[in-house]
Colleague: 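Supplied in structure tokens, the structure appears directly below.
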Amino acid sequence: MYEHDLLIIGAGLAGLRAAVEGVRGGADVAVVTKVHPVRSHSNAAQGGINAPLTDRGDDWESHALDTIKGSDYLADQDAVEIMSREAGEAVIELEHMGVIFSRDDEGRLGTRRFGGQKVARTFFVGAITGSALLHVLYEQAIKYGLRVYEEWFVTSLIEEDGVVRGAVALDLRTGELHTIRAKAVIIAAGGAGRVFEPSTNAIICTGDGLALAWRAGAPMMDMEMVQYHPTTLARTGILMSEAARGEGAYLLNKQGDRFMETYAPEYLELASRDVVSRSEQTEINEGRGIDGNVLLDLRHLGRSFIEERLGYLQEVAVEFLGMDLANDPVPIRPGMHYIMGGIKTDVNGRTEAPGLYAAGECANVSVHGANRLGANSLLDTVVFGRRAARHALEYIKSVNGTSRDESQLEADKARLQALLDRPQGIRSAALRREMAEAMTEGIGVFRDQASMERAETAVRRARDQFANVSVQDKGKTFNMDLMFALELDYVIDCAEAICAGALARKESRGAHYRTDITQRDDENWLKHTLVYKTDEGLRVDTSPVAITKWEPVKRVY
Ligand SMILES: Cc1cc2nc3c(=O)[nH]c(=O)nc-3n(C[C@H](O)[C@H](O)[C@H](O)COP(=O)(O)OP(=O)(O)OC[C@H]3O[C@@H](n4cnc5c(N)ncnc54)[C@H](O)[C@@H]3O)c2cc1C
């Protein structure tokens, strides 16, 4: 049994930013993470982090409007305002903590322009922005005495009288389950990319945090809003960062045309991601693609520029396709990348489950609405990670002691043992792949009633078959087979919520583009979808979108 004031589940950027706030505030804070902190998916972010800095002639309102337009007016404008106003300070604070951002020739922080934005306001560290941020935050948190349970896998939240009071976690090294008691819990467990196949996300992105909060009664919001990134490498699905287009790369079809001239005459390749992905998919569907792909062309940028500014992308092209970006346009296509939906929270990270906060990709504040702008996610993690911790520190002052209840630990021991005791059955990997491919097919760049119903049927089948999943490794030490099975349970929860949200929304907005209802319908659908898990099954509800000063208008790029 372990005990802390504040328990944070997840050591990516959201979790570590929250942790730094907590330990600096003098609280006894612990982070539990299923991988070493710096192996969290945040580590993979290359492109950068947005901030409107006033000394660059930029301003928070311009960033807020780009974000809101990008979201197809589904983002809550009060939340966006907070993010845009706090962005500059949050990024400069990271610099002061020790992040060495790339600089321009005059020695000022370097910027590049990302999609859906008129201004170059994306700050970066070479091609390793996420990694650089993550290492600095980890170092800061450790300096202030953060306790890290690393390679521990959370199996359940502990609830007492409807209040979240800690978690049960499996120490992967020993195979033992433990109770970690806390006065408040922040979930910062990242995205759910593995609900889809393929995805740019690491295999650890299995939506555990979303499912844990959902099971504790917090609704998932706008889960139908799944981002397909416009440039993932053919065959492998590896992300070719938006930095490529930010630095001037073109998109070409089979005939060598820059087809974005037709779809987004002003922004071209730097329209918002949903728009670019749909344009590419239209080219492919109408026969102007090459083997299901279009081309990303950097040749005109020249070898030295490519190697200096986009060296990592050059490495990927050479290693995975044997292609040289200075000589060859590379085949790319839209690929599942990010989940705009998540656990509904207020601007202080509070979920509808008392004692439980959420921040980062697993949360939905909502600042991304129906489509996230590139480089706004890293910003979201640091701004709202910090806010969640600040609020939680206040909240724990009112909490007297921690729970003494061990019943969740006993229930989880029995649940895991039952999985291990099942002699033979289906392999979790095969079951996940089958369902995840059906999700991509049914809830892709384009979708309609029939395709979404097919996805839902596949998810229902996966839920039924999960009862027959077996774990072949019966050992205690690093039993990954057992962990994959537990993750699949979470993945299926997320898929259920995505299908429910998608089938509920009877319009097209942002990433949710229905070929059977192609119009945005502000009269009936300028609202969030909420999906609750109840004892009687799923319950779908809606809630209003916060509109402050930007009335929805037609979105044109
Ligand atoms: C390839 C790639 C490139 C990207 N590039 C950019 C970019 O340039 N700019 C941008 O703004 N965004 C980018 N994004 C998105 C952005 O990186 C993520 O949305 C963001 O980093 C998520 O941070 P997080 O802290 O919420 O979660 P993560 O970094 O995913 O961390 C999740 C944490 O939760 C822990 N965890 C999960 N489940 C459990 C469990 N059951 N028990 C214990 N611990 C658990 C994990 O161990 C991990 O520590 C990119 C995403 C990808 C996939």
Side-chain angles (χ1 to χ4, degrees), residues 7-19 31-51 112 114-115 122-125 127-131 133-134 137-138 148-157 167-172 180 186-194 199-212 227 229 231-232 237-243 246 273 312 316 335-340 342-343 358-363 368 372-382 384-385 388 483 486-487 489-491:
L7 177 66
I8 300 170
I9 302 174
L13 285 174
L16 289 180
R17 185 63 195 82
V31 161
V32 50
T33 167
K34 64 183 175 180
V35 295
H36 185 278
V38 301
R39 298 183 72 92
S40 303
H41 187 65
S42 293
N43 188 48
Q46 303 154 17
I49 178 166
N50 287 334
R112 51 169 61 123
F114 258 46
T122 303
F123 298 89
F124 57 97
V125 183
I128 55 160
T129 311
S131 176
L133 266 51
L134 201 55
L137 285 177
Y138 180 49
V148 182
Y149 297 91
E150 122 193 353
E151 299 185 317
W152 282 43
F153 180 90
V154 174
T155 51
S156 288
L157 294 176
V168 175
L170 176 70
D171 178 350
L172 293 165
I180 311 176
I186 300 178
I187 298 197
R194 288 294 148 192
S199 163
T200 63
N201 287 197
I203 51 163
I204 52 174
C205 300
T206 46
D208 308 6
L210 289 110
L212 287 165
Q227 180 159 79
H229 193 289
T231 55
T232 68
I238 296 176
L239 181 73
M240 294 296 272
S241 167
E242 190 165 312
R273 289 180 174 174
Y312 173 75
V316 169
M336 190 281 167
H337 179 58
Y338 182 85
I339 183 120
M340 272 78 72
I343 309 155
E361 191 168 337
C362 66
H368 310 303
R372 170 176 75 84
L373 296 185
N376 261 358
S377 174
L378 296 189
L379 178 60
D380 168 10
T381 63
V382 293
F384 292 102
M483 187 178 89
L486 296 169
E487 285 177 338
D489 200 6
Y490 295 143
V491 164

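On a predicted model such as this, the values are computed, not experimentally measured, just so you know. Order of appearance sets the numbers: ligands from 1, and atoms from 1 within every ligand.
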Colleague: Give a yes/no verdict on whether any heavy atom in Val35 is under 4.0 Å from an atom of ligand 1.
Modeller: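 Contact present.
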Colleague: Does Thr122 reach the main-chain N or O of Gly48 with its side chain, forming a donor-acceptor pair under 3.5 Å?
Modeller: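 No, Thr122 side chain to Gly48 backbone: no donor-acceptor pair under 3.5 Å.
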Colleague: Does only the side chain of Ala188 get under 4.0 Å from ligand 1, or the backbone, or both, or neither? Count heavy atoms.
Modeller: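 For Ala188, only backbone atoms sit under 4.0 Å from ligand 1.
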Colleague: Out of Ala363, Gly48, Gly374, Ser377, indicate the one that has the non-hydrogen atom closest to atom 9 (N) of ligand 1.
Modeller: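 The nearest heavy atom belongs to Gly48.
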Colleague: Heavy-atom contact under 4.0 Å between Ile49 and ligand 1?
Modeller: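 Contact check Ile49 vs ligand 1: negative.
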Colleague: Using salt bridge (Lys or Arg N to Asp or Glu O under 4.0 Å), reason through Lys34 and Asp208 one step at a time and then give a plain yes or no.
Modeller: CA-CA 10 Å; Lys34 64 183 175 180; Asp208 308 6; 3.0 Å; yes
Colleague: Measuring from atom 3 (C) of ligand 1, which candidate in Leu239, Thr155, Val148 has the nearest non-hydrogen atom?
Modeller: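 Shortest heavy-atom distance from atom 3 (C) of ligand 1: Leu239.
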Colleague: Counting heavy atoms only, name the option from Ser42, Ala44, Gly12 that's nearest to atom 23 (O) of ligand 1.
Modeller: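 Result: the heavy atom closest to atom 23 (O) of ligand 1 is in Ser42.
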Colleague: Does the side chain of Val382 come within less than 4.5 Å of Ile49's, by heavy atoms?
Modeller: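 Of all side-chain heavy-atom pairs linking Val382 with Ile49, at least one is under 4.5 Å.
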Colleague: Decide if the gap between the ring center of His41 and the ring center of Tyr338 is smaller than 6.0 angstrom.
Modeller: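 Ring centroids of His41 and Tyr338 are no less than 6.0 Å from each other.
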Colleague: Please work out, at 4.0 Å between heavy atoms, whether the side chain, the backbone, both, or neither of Arg372 comes within that distance of ligand 1.
Modeller: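 The answer is the side chain.
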Colleague: I want to check something: taking the side chain as every heavy atom from C-beta on, are Thr381 and Leu133 in contact at a cut-off of under 4.5 Å?
Modeller: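 Side-chain contact under 4.5 Å: no.
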Colleague: Does Thr129 come within less than 4.0 angstrom of ligand 1, counting non-hydrogen atoms of the residue?
Modeller: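 So Thr129 does not count as touching ligand 1.
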Colleague: Ligand 1 versus Asp208, non-hydrogen atoms closer than 4.0 Å: side chain, backbone, both, neither?
Modeller: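 Looking at Asp208 and ligand 1, just side chain atoms fall under 4.0 Å.
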Colleague: Is ligand 1 under 4.0 Å from a heavy atom in the side chain of Asn376, in the backbone, in both, or in neither?
Modeller: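 The part of Asn376 near ligand 1 is the backbone, not the side chain.
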Colleague: Considering only heavy atoms, which of Ser156, Ala189, Gly15, Ala359 lies nearest to atom 32 (C) of ligand 1?
Modeller: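 Closest candidate by heavy-atom distance is Ala189.
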Colleague: As an exercise, identify every atom of ligand 1 less than 4.0 angstrom from a heavy atom of Trp152.
Modeller: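 In order of numbering, the contacting atoms are 42 (N), 43 (C).
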Colleague: Between ligand 1 and Ala375, can you find any atom pair, the residue atom being a heavy atom, that is separated by under 4.0 Å?
Modeller: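 In this structure, Ala375 qualifies as a contact of ligand 1 - some heavy atom is under 4.0 Å.
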Colleague: What do we get for Thr381 next to ligand 1 when only non-hydrogen atoms under 4.0 Å count, side chain, backbone, both or neither?
Modeller: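 Under 4.0 Å from ligand 1, Thr381 contributes side-chain atoms alone.
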Colleague: Report the member of Gln46, Glu361, Arg17, Glu487 with the shortest heavy-atom distance to atom 26 (O) of ligand 1.
Modeller: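 It is Glu361 that holds the nearest heavy atom.
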Colleague: Checking contacts here: is it the side chain or the backbone of Tyr338 that comes within 4.0 Å of ligand 1, counting heavy atoms only? Could be both or neither.
Modeller: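 It is the side chain that touches ligand 1; the backbone stays farther off.
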Colleague: Charged N to carboxylate O under 4.0 angstrom, Glu487 versus Arg194?
Modeller: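 Salt bridge absent between Glu487 and Arg194.
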Colleague: Report yes if the side chains of Val148 and Pro37 come closer than 4.5 Å at any heavy-atom pair, otherwise no.
Modeller: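 Val148 vs Pro37: side chains touch.
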Colleague: Heavy-atom distance under 4.5 Å between the side chains of His337 and Arg273, does that happen here?
Modeller: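 The answer is yes; the side chains approach within 4.5 Å.
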